[in-house]
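Heads up, the thing below is written out as structure tokens.
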Amino acid sequence: MTDRAFAVVRAGALTTVQDLGRPGHAHLGVPHSGALDPYAARLVNRLVGNAEDAAVLETTLDGCAVRPRCAVTVAVGGAPCAVRIDGRPAAWGAAVRVPAGSVLDVGRAVRGLRSYVAFGGGVAVEPVLGSRSTDLLSGLGPAPLADGAVLPLGPAPASPPYAGPAPWPGPPRELVLRVRLGPRDDWFTPAALRTLTTRAYRVSTATNRIGLRTEGPALERAVPGELPSEGMVLGAVQVPPDGRPVVFLADHPTTGGYPVIAVVREHDLAQAAQAAPGTPVRFVAAGGAPARA
Amino acid sequence: MSIRMRTRQVGDRALLVELDSGEEAEAFHAELLRRRSSGALPGVREIVPAARTVLLDGLERPARLAAELPGWDVPPLHARVAAAVEVPVRYDGPDLESVARLWGVPAEEAVRIHSTAEFRVAFCGFAPGFGYLTGLGDEYAVPRRDTPRTSVPAGSVALAGPYTGIYPSSSPGGWQLIGTTDVPLWDVAREPAALLAPGTRVRFVPVPAERR
């Protein structure tokens with residue numbers, strides 16, 4: 001068969017379709033969603049000649065394997081991993097040609113957590129509210145990949161694959177997250193604020209696309225109870241009753257009732273997406289005092 | 001109306017505006033939508049109303065807007081000419097009797113109270129298309145169930161705190177279930193996808209349970 005589609009040979013632990021998300025619907029309870037490492041997603045798209053917002057695959061730790069039904073240019077980026085075409089090694093971080101019917105295997109991440117796979121023409125599942133992203137919180141968008149599933153590809157891009165340098169910072173050995181305190185830092189004791197910005201945390205195994213969960217010293221509250229529900233932003237550091245901070249990632253709920261002690265700079269969240277469980281985490285105060293009137 | 005607002009910056013690009021009451025939050029939200037549709041709020045990506053707050057996300061200069069807000073005139077909410085969305089309900093929920101007991105009235109009177117109130121969608125959350133509707137007086141607030149249900153059927157009309165909500169899809173939930181509706185609450189082919197978007201007026205119309 002030569003139609004523009006690929007079959008899933010090995011879905012991996014969790015592989016989803018992601019583009020740059022569905023902003024603008026938070027007031028209806030719709031999470032932003034989108035690639036957790038948008039820099040990597042944009043880069044692999046450029047490498048195959050796609051628009052930066054084309055839909056790609058996002059793998060989790062152990063990669064995936066697919067069999068395109070047509071010859072297609074692909075690029076694998078994000079977390080470094082072995083790339084094989086019909087068992088033969090191929091380049092990571094560069095455009096490579098996969099013949100029709102061959103198997104593209106994206107191996108286990110050597111470092112980092114999430115690899116990104118772009119196909120010339122993009123993954124062409126039906127958009128929902130302007131995005132093809134899988135949203136694991138609300139279930140919008142396509143289901144996570146399953147063995148045997150067939151996903152459509154868009155028409156091959158007219159622009160040639162990009163052949164220039166492909167800068168990528170690499171996954172963090174230590175995740176440093178710059179935060180601005182607030183909006184609810186006043187719900188915590190002064191000691192808790194010092195703890196957050198001076199003590200060491202680790203990425204928990206319970207981390208997912210909704211939030212980066214941490215293990216480390218609990219943050220003590222000055223005000224007990226729950227807030228009336230309020231709007232939540234990407235990067236919000238929410239503190240649930242167990243006191244361990246959770247950094248909200250792309251599939252985070254749009255409203256919540258646990259206080260947000262600080263907010264991580266959006267730029268640093270791509271690194272958070274690549275921090276495997278066990279990675280040390282430091283929260284660093286930046287961006288001035290909390291502004292309040 | 002001059003209303004008191006407190007602002008808190010949220011990260012580098014967002015502002016959380018706190019108001020004294022849910023009604024003021026709804027009035028302020030309505031004013032934000034008016035200003036955005038007239039082009040006076042360029043660049044804002046999300047306007048997210050909630051119980052006592054409105055979040056503005058995607059601002060170039062949150063501090064500048066925070067400085068402007070005290071000078072805003074926010075008109076009170078008024079009953080708009082647009083008709084309310086009517087939601088037909090079979091008042092057959094498993095918690096109707098216990099809600100009636102909490103209110104100190106017979107079940108039929110609880111149905112009358114709920115179906116004669118005028119509601120407004122204060123905000124959405126929990127799931128796409130799940131609106132938090134206000135309109136019952138404070139005296140009708142009810143607690144969540146002690147033990148949440150592992151599965152609440154789609155279309156369940158439910159109460160918790162001062163709010164009424166309708167589950168758009170089957171999910172776990174701890175609200176008190178008083179009835180059921182077949183109205184499609186969420187349809188991505190519709191604009192907006194949510195039947196109950198913030199600001200929408202709503203009435204519940206009783207229909208006989210036998211018509212199921």
Inter-residue atom distance B:Leu16.CG - A:Met232.CE, 0.5 Å rounding: 8.5 Å

- request: List in chain and number order the residues that pass salt bridge (Lys or Arg N to Asp or Glu O under 4.0 Å) with A:Arg22, two or more places apart in sequence or in another chain; answer none if no residue qualifies.
  value: none

- prompt: Counting heavy atoms not belonging to A:Glu174, are there more than 12 under 6.0 Å from its CD?
  reply: yes

- request: Could you grab the distance from atom CG of B:Asp57 to atom NE2 of A:His27, nearest 0.5 Å is fine?
  value: 13.5 Å

message: How close do B:Ala193 and A:Leu129 get, counting heavy atoms only, and between which atoms?
response: CB-CD2, 4.1 Å

task: Give, as side chain, backbone, both or neither, the part of A:Pro23 having an atom under 4.5 angstrom from any heavy atom of chain B.
output: both

Which residues share a salt bridge (Lys or Arg N to Asp or Glu O under 4.0 Å) with A:Arg199, sequence neighbours left out: none

field: All pairs passing ring pair (Phe, Tyr, Trp, His ring centres under 6.0 Å) where residues 202-244 of chain A contributes a residue, at least two apart
entry: none

- prompt: Do A:Glu230 and B:Leu55 come within less than 4.5 Å of each other through their side chains, counting heavy atoms only?
  reply: no

message: Looking at B:Arg190, I want to see if its CZ is surrounded by more than 12 non-hydrogen atoms of other residues, nucleotides or ligands under 6.0 Å.
response: yes

- line: Value for CG (A:Leu227) from CZ (B:Arg52), rounded to nearest 0.5 Å, stands at 11.5 Å

query: Taking A:Thr255, A:Val30, A:Leu28 one by one, which has the highest count of heavy-atom pairs under 4.5 Å against chain B?
result: A:Leu28

Intermediate values then yes/no, side chain to side chain contact (heavy atoms under 4.5 Å, CB included), A:Val260 and B:Val10: CA-CA 9 Å; A:Val260 171; B:Val10 181; 5.7 Å; no

- prompt: What are the two closest non-hydrogen atoms of B:Ala50 and A:Ser229, and how far apart are they?
  reply: CB-O, 3.0 Å

task: Identify the two heavy atoms, one from B:Thr53 and one from A:Gly231, that lie closest to each other, and give their separation to 0.1 Å.
output: OG1-N, 4.4 Å

- prompt: CD of A:Glu220: more than 12 outside heavy atoms within 6.0 angstrom?
  reply: no

- request: Check whether any side-chain heavy atom of A:Asp186 sits under 4.5 Å from a side-chain heavy atom of B:Arg8, and report yes or no.
  value: yes

task: Might you confirm whether atom CZ of B:Arg61 has over 12 heavy atoms from other residues, nucleotides or ligands at distances under 6.0 Å?
output: no

- prompt: Considering only heavy atoms, which portion of B:Glu18 lies under 4.5 Å from any heavy atom of chain A: side chain, backbone, both, or neither?
  reply: side chain

query: Going by residue number, which parts of residues 121-149 of chain B are within reach of chain A, meaning a heavy-atom gap below 4.5 Å?
result: B:Phe123, B:Cys124, B:Gly125, B:Phe126, B:Ala127, B:Pro128, B:Gly129

message: Please report the interatomic distance CG(A:Leu181) to CD(B:Gln9), rounded to the nearest 0.5 Å.
response: 12.0 Å

